[in-house]
**Student:** 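What follows is a structure written as structure tokens; I'll ask about it next.
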There are 2 protein chains.
Amino acid sequence: MIITRAIDPTGPEPPYRQIAADIRAAIESGELRPGQRIPTESELVEAYEVARSTVRRTVRLLREEGLITTVPQRGSYVAGR
Amino acid sequence: MIITRAIDPTGPEPPYRQIAADIRAAIESGELRPGQRIPTESELVEAYEVARSTVRRTVRLLREEGLITTVPQRGSYVAGR
DNA sequence: TGATATTTGTACGTATGTATT
DNA sequence: TAATACATACGTACAAATATC
């Protein structure tokens with residue numbers, strides 16, 4: 001899976017950004033490749049132990065950054081292909 | 001105030017988009033002018049009788065469209081000045 | 001064909017933190 | 001010292017579209 005580091009709820013960086021940085025790193029390292037689907041919201045919820053709203057916040061951020069594209073009822077995919 | 005039409009929770013357009021269209025119309029009509037602050041989240045919550053999260057969704061959409069700019073702890077203002 | 005499960009979208013309410021007034 | 005306002009986070013529920021059995 002992803003999760004290269006744990007979330008620190010007390011740090012200055014909010015959890016949704018920490019998770020975004022984690023996924024971003026996975027994309028940049030090639031662990032997640034263009035066209036590949038990233039884990040579902042439910043999977044991310046379990047993996048990072050946060051609420052779904054937090055995960056959706058993360059996904060939205062990555063989408064706004066152009067790193068992923070989301071297909072309703074399907075999932076989110078790494079952009080670039 | 002704004003509110004040129006009521007929200008229809010049963011329509012195909014989700015409330016946050018209906019409210020956005022409403023505010024957008026107020027901006028385009030000149031009722032809300034560039035530099036002017038739009039109603040606070042609380043005011044919008046009361047005016048449209050929706051949850052705060054819905055209002056925030058609306059504000060985010062308008063911000064992404066470039067129609068308004070948000071100043072943390074201050075409010076959102078009509079862009080263009 | 002039909003039923004069920006999965007997944008994202010939307011919406012509700014509530015709580016806490018931080019900065020400004 | 002409040003009151004105000006945005007940012008973040010929690011949990012819950014239902015809808016819609018898709019995939020699977």
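Residue numbering restarts at 1 for every chain, and letters A, B, ... go by the order of the sequence lines. No experiment lies behind these values; they were computed from the predicted model shown.
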**Student:** Which part of the nucleic acid, if any, lies within reach of A:V50 when heavy atoms closer than 4.0 Å are counted: base, sugar-phosphate only, or nothing?
**Tutor:**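 Sugar-phosphate contact only.
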
**Student:** Round to the nearest Å and state the distance from B:R60 atom CZ to D:dT8 atom P.
**Tutor:**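 These atoms are roughly 11 Å apart.
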
**Student:** How does protein reach along nucleotides 15-21 of chain D, written 5' to 3' as B (base within reach of a heavy atom under 4.0 Å), S (only sugar-phosphate), or - (no contact)?
**Tutor:** -BBSS--

**Student:** In whole Å, what is the span from the CD atom of A:E46 to the C1' atom of C:dT7?
**Tutor:**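 Roughly 13 Å, once rounded to whole Å.
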
**Student:** For B:R60, which residues count as a side-chain hydrogen bond (donor to acceptor under 3.5 Å, both in side chains) partner, sequence neighbours excluded?
**Tutor:**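 So B:R60 forms no side-chain hydrogen bond (donor to acceptor under 3.5 Å, both in side chains) with any residue.
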
**Student:** Only counting residues at least two apart or in another chain, list the ones meeting side-chain hydrogen bond (donor to acceptor under 3.5 Å, both in side chains) with A:Q36.
**Tutor:**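 Here no residue qualifies.
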
**Student:** Take atom CD1 of A:I68 and atom C1' of C:dT7, then tell me their distance rounded to the nearest Å.
**Tutor:**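 Spelled out: CD1 on A:I68 to C1' on C:dT7 is 14 Å.
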
**Student:** Which of these passes side chain to side chain contact (heavy atoms under 4.5 Å, CB included) with A:V59: A:V55, A:L61, A:L62?
**Tutor:**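 So, applying the side chain to side chain contact (heavy atoms under 4.5 Å, CB included) to A:V59 and each of A:V55, A:L61, A:L62, only A:V55 qualifies.
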
**Student:** Is it the case that the base of C:dG9 and the side chain of A:R52 share a donor-acceptor contact (distance under 3.5 Å, atom types as modelled)?
**Tutor:**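 Indeed there is one.
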
**Student:** Rounded to whole angstrom units, what separation is found between the CD1 atom of A:I19 and the P atom of D:dT8?
**Tutor:**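 In whole Å, D:dT8 P lies 13 Å from A:I19 CD1.
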
**Student:** If you assign each of B:R63 and A:V55 to its closest nucleotide in DNA chain D, which residue comes earlier from the 5' end?
**Tutor:**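 It is B:R63, whose closest nucleotide lies nearer the 5' terminus.
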
**Student:** Starting at atom CZ of A:R57, determine the distance to atom P of D:dC6, rounded to an integer number of angstrom.
**Tutor:**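 Taking CZ of A:R57 and P of D:dC6, I get 15 Å after rounding.
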
**Student:** Nearest to the A:R17 side chain among D:dT8, D:dG11, C:dG13, which nucleotide is it?
**Tutor:**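 Selected nucleotide: D:dT8.
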
**Student:** For A:R37, enumerate each residue passing the side-chain hydrogen bond (donor to acceptor under 3.5 Å, both in side chains) test, keeping only those at least two apart in sequence or located in another chain.
**Tutor:**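 Expected list: none.
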
**Student:** Could you tell me which residues satisfy side-chain hydrogen bond (donor to acceptor under 3.5 Å, both in side chains) with A:E49, sequence neighbours excluded, listed by chain and number?
**Tutor:**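 Per chain and number, A:E49 pairs via side-chain hydrogen bond (donor to acceptor under 3.5 Å, both in side chains) with no residue.
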
**Student:** Rounded to the Å, how far apart are A:E41 CD and C:dT8 C1'?
**Tutor:**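 Rounded to whole Å, this separation is 5 Å.
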
**Student:** Can you check the B:L61 CG to C:dG9 C1' distance for me, whole Å?
**Tutor:**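 Whole-Å distance recorded here is 14 Å.
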
**Student:** Side chain of A:S53, heavy atoms from C-beta onward: which of C:dT10, C:dG9, D:dG11 has the nearest atom to it?
**Tutor:**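 Selected nucleotide (nearest to the side chain): D:dG11.
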
**Student:** Would you please confirm or rule out a distance under 4.0 Å between OP1 or OP2 of C:dT8 and any side-chain N or O of A:R56?
**Tutor:**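 No, no such contact exists.
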
**Student:** Considering only distance and modelled atom types, tabulate donor-acceptor pairs under 3.5 Å from the side chains of residues 67-78 of chain A, sequence neighbours left out.
**Tutor:**
{"unit_1": "A:T70", "atom_1": "OG1", "unit_2": "A:R63", "atom_2": "NH1", "d": "2.9"}
{"unit_1": "A:T70", "atom_1": "OG1", "unit_2": "A:S76", "atom_2": "OG", "d": "2.6"}

**Student:** In Å, rounded to the nearest 0.5 Å, how long is the span from CZ of A:R52 to OG1 of A:T40?
**Tutor:**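 Between A:R52 CZ and A:T40 OG1, I get 9.5 Å after rounding to 0.5 Å.
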
